Amino acid sequence: MASALAALGHGATAHADWDVRRTGARELVEQAARALAARPEDAALAARLVRLAGKSGAPALRVRFEAPAREPGARYAEVAAYATLLLALGANEDAAVAFARAAALRPELAMLTGRARALERAGRPADALAAYDDAVARARAPAERRRLLEAQVALVPPGDAERELALRRALAALEPRSEDAAARVVDVLERLGRPAEAAELLEARDAADGGRWFERALRLAELRDAAGDAARAADVLAALLARLPRGQVERRRLAWTRALGIARHRDALPALAEALGRAPGPVEWDVLAQVRDELGDLEGALEAARRAAGVRPGPELGRRIVALLDRLGRDDEAVAVYEDLVRRAPDDPSWALELVERELRRGRRKPAEAHFDRAAARFGGSPSAMVRLAELASRWGEDERARAAWERVRRLAPRDEQGILGLGETQFASGKRELALKTWRSLREREPGIAGRLRLAEVLLDHDLL
């Protein structure tokens, strides 16, 4: 009996809860509707009311608010509530009209902003921009003005940079300490082809701003150069370099590289070479090598590049040293640089491959073959390195070396498709058709089932063997 009573009690409670839920939504809609009538500018409340009413209740909701708003003597609150509801319902064109009527009764910022948003959502950006102008004129709090101006910026057509500039200036005035706001004004001025004006803006901020001084100075030099004032741009970079510690290598490299570009425009490469040579570190020697090269001083460029590289030249400097030695006709020294790079990069076959190809291009077949054989012995345990060596040998008609390299790949990685295809191709090219077929049939074992058979069929078709 106790169990039965408990079950009955539980059922009664569940039924009561269901009644509350069944009628609760209606009550909540009613409460929210009354609240919107009392707070007609509350867009969040209107959105909540629409969610509560749901799709089925939306038409009745609209009728309810429309009736008092359309009365001849309708008050501001009634028209404003109707406009706010229409925007929440997505009836954007009607909402724009209703917001305009409400603003005519009382030019509240919420109505002016609502009209602008309704026009924006209705796909009328030009009208929305004009409506936002009215709202900005009415806004008093900086946060409100900033929000409205940012909404306007998003609506400016791509070709109307003057309009964007005015808005960006207004935003920068609201945030005088913001480097980002100032940088956006500079961006627009640069797009408008007014680099001198953009540079003036950056210089005006330079004394006050202690943040991104390095990036700002680089940008300032670039703008001065674009404005045709390369001498002033060079002065900006000289001051920047004097401020940069020696340890900030990458920043110094960026600054000197920018100075090199400006010196080219000024036809002032000799002066730049002199400045670089006063107290050179690795970065200065590197840039000086480029300057001397452009001035036609190949020996001076080689000396500077070697000083920049020190005892361990990296890939980029290594290649530049080799290129200078080639132009000076010093072949043996270039080969020595490559051999040194090969020794110092025991796991990277790139230098060995470049050396072999370099010798082949120069018609030095015997040294190339010797370098190839040393590389094959050195990287004989790496399938990927042997693939590259095999491809290099095939390109230059070294069929026996290519075949040996592909066979090595097959031993190291029997299921590697590149190795199967490469070895078969080498065998087929040398007239060993049956041997090539035997090699290519390994594709079926590599991918059991139809996939392997189809891959083999593709290869056979390519060679007219299907």
Side-chain angles (χ1 to χ4, degrees), residues 179-180 182-183 186 198-199 202-227 229-325 333 336-337 340-341 343-345 348 351:
E179 289 203 29
D180 288 333
V186 169
L202 281 185
E203 280 187 331
R205 297 183 60 84
D206 192 49
D209 295 343
R212 300 193 290 266
W213 59 272
F214 174 76
E215 293 80 3
R216 188 170 53 252
L218 279 184
R219 185 90 186 273
L220 177 57
E222 187 179 73
L223 290 166
R224 285 295 179 200
D225 190 32
D229 194 350
R232 199 162 171 185
D235 291 342
V236 170
L237 287 173
L240 174 63
L241 283 159
R243 185 177 175 180
L244 278 173
R246 285 277 178 178
Q248 295 191 11
V249 175
E250 288 311 313
R251 282 189 164 191
R252 291 185 72 82
R253 188 183 304 281
L254 278 172
W256 279 118
T257 303
R258 192 67 50 88
L260 173 57
I262 290 167
R264 288 180 183 128
H265 298 163
R266 295 176 64 203
D267 197 19
L269 287 175
L272 180 64
E274 185 180 340
L276 284 160
R278 287 191 191 114
V283 172
E284 286 75 17
W285 282 120
D286 186 2
V287 179
L288 183 57
Q290 297 177 59
V291 174
R292 285 176 174 171
D293 188 2
E294 291 188 33
L295 289 170
D297 179 8
L298 295 185
E299 289 286 358
L302 178 61
E303 179 198 1
R306 280 180 160 158
R307 285 178 175 267
V311 295
R312 296 178 67 84
E316 185 181 347
L317 270 169
R319 286 189 178 89
R320 279 167 52 195
I321 290 170
V322 166
L324 287 165
L325 288 167
E333 288 182 57
V337 171
D340 180 56
L341 289 165
R343 278 192 300 274
R344 290 195 289 102
D348 184 0
W351 296 112

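Note that the structure is a prediction, hence the values are computed from the model and not measured.
Remark: Leu269 CG to Asp267 CG distance equals 7.0 Å, nearest 0.5 Å. Atom-to-atom distance recorded for Leu276:CG and Gln290:CD is 9.5 Å, nearest 0.5 angstrom. The CD atom of Glu316 sits 6.5 Å away from the CG atom of Asp286 when rounded to the nearest 0.5 Å. If you take CG on Leu324 and CD on Glu299, they are separated by 9.5 Å, rounding to the nearest 0.5 Å. To the nearest 0.5 Å, atoms CD (Gln248) and CZ (Phe214) are separated by 8.0 Å. In this structure, CD1 on Ile262 lies 11.5 Å from CZ on Arg224, to the nearest 0.5 angstrom.
Across all their heavy atoms, Ala233 and Ala221 have their closest contact at CB-O, 3.3 Å. Contact between Ala273 and Leu295 at its shortest, heavy atoms only, is CB-CD1, 4.5 Å. The two residues Gly300 and Arg292 make their nearest non-hydrogen contact at O-NH1, 3.2 Å. Nearest heavy-atom pair, Ala289 versus Ala305, reported as atom, atom and distance to 0.1 Å: CB-N, 3.6 Å. When all heavy atoms are compared, the tightest approach of Ala255 to Leu244 is CB-CD1, 4.4 Å. Annotation for Pro245 and Arg252: closest pair O-CD, 3.5 Å, computed over non-hydrogen atoms.
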Side chain to side chain contact (heavy atoms under 4.5 Å, CB included) between Leu302 and Arg306, intermediate numbers included: CA-CA 6 Å; Leu302 178 61; Arg306 280 180 160 158; 3.8 Å; yes

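Screening Leu220, Asp229, Leu241, Leu218 for a side chain to side chain contact (heavy atoms under 4.5 Å, CB included) with Val236, the sole residue that qualifies is Leu220.
For Asp235 and Arg232, the salt-bridge test fails: no basic side-chain N is under 4.0 Å from an acidic carboxylate O. No salt bridge links Arg219 with Glu215; every basic N to acidic carboxylate O contact stays at or beyond 4.0 Å.
Between Trp256 and Leu272, the closest side-chain pair of non-hydrogen atoms falls below 4.5 Å. Between Arg253 and Val249 the shortest side-chain heavy-atom distance falls below 4.5 Å. Inter-residue side-chain proximity for Leu240 and Arg216 is flagged as unmet; no heavy-atom pair is nearer than 4.5 Å.
Judged purely by atom type and a 3.5 angstrom limit, Glu179 uses its side chain to pair as donor or acceptor with the backbone of Arg212. In terms of modelled atom types and a separation under 3.5 Å, the side chain of Glu284 and the main chain of Gly281 share a donor-acceptor contact.
For the pair Arg320 and Trp285, the cation does not sit on the ring face, since its NZ or CZ is not both under 6.0 Å from the ring centre and inside 45° of the axis.
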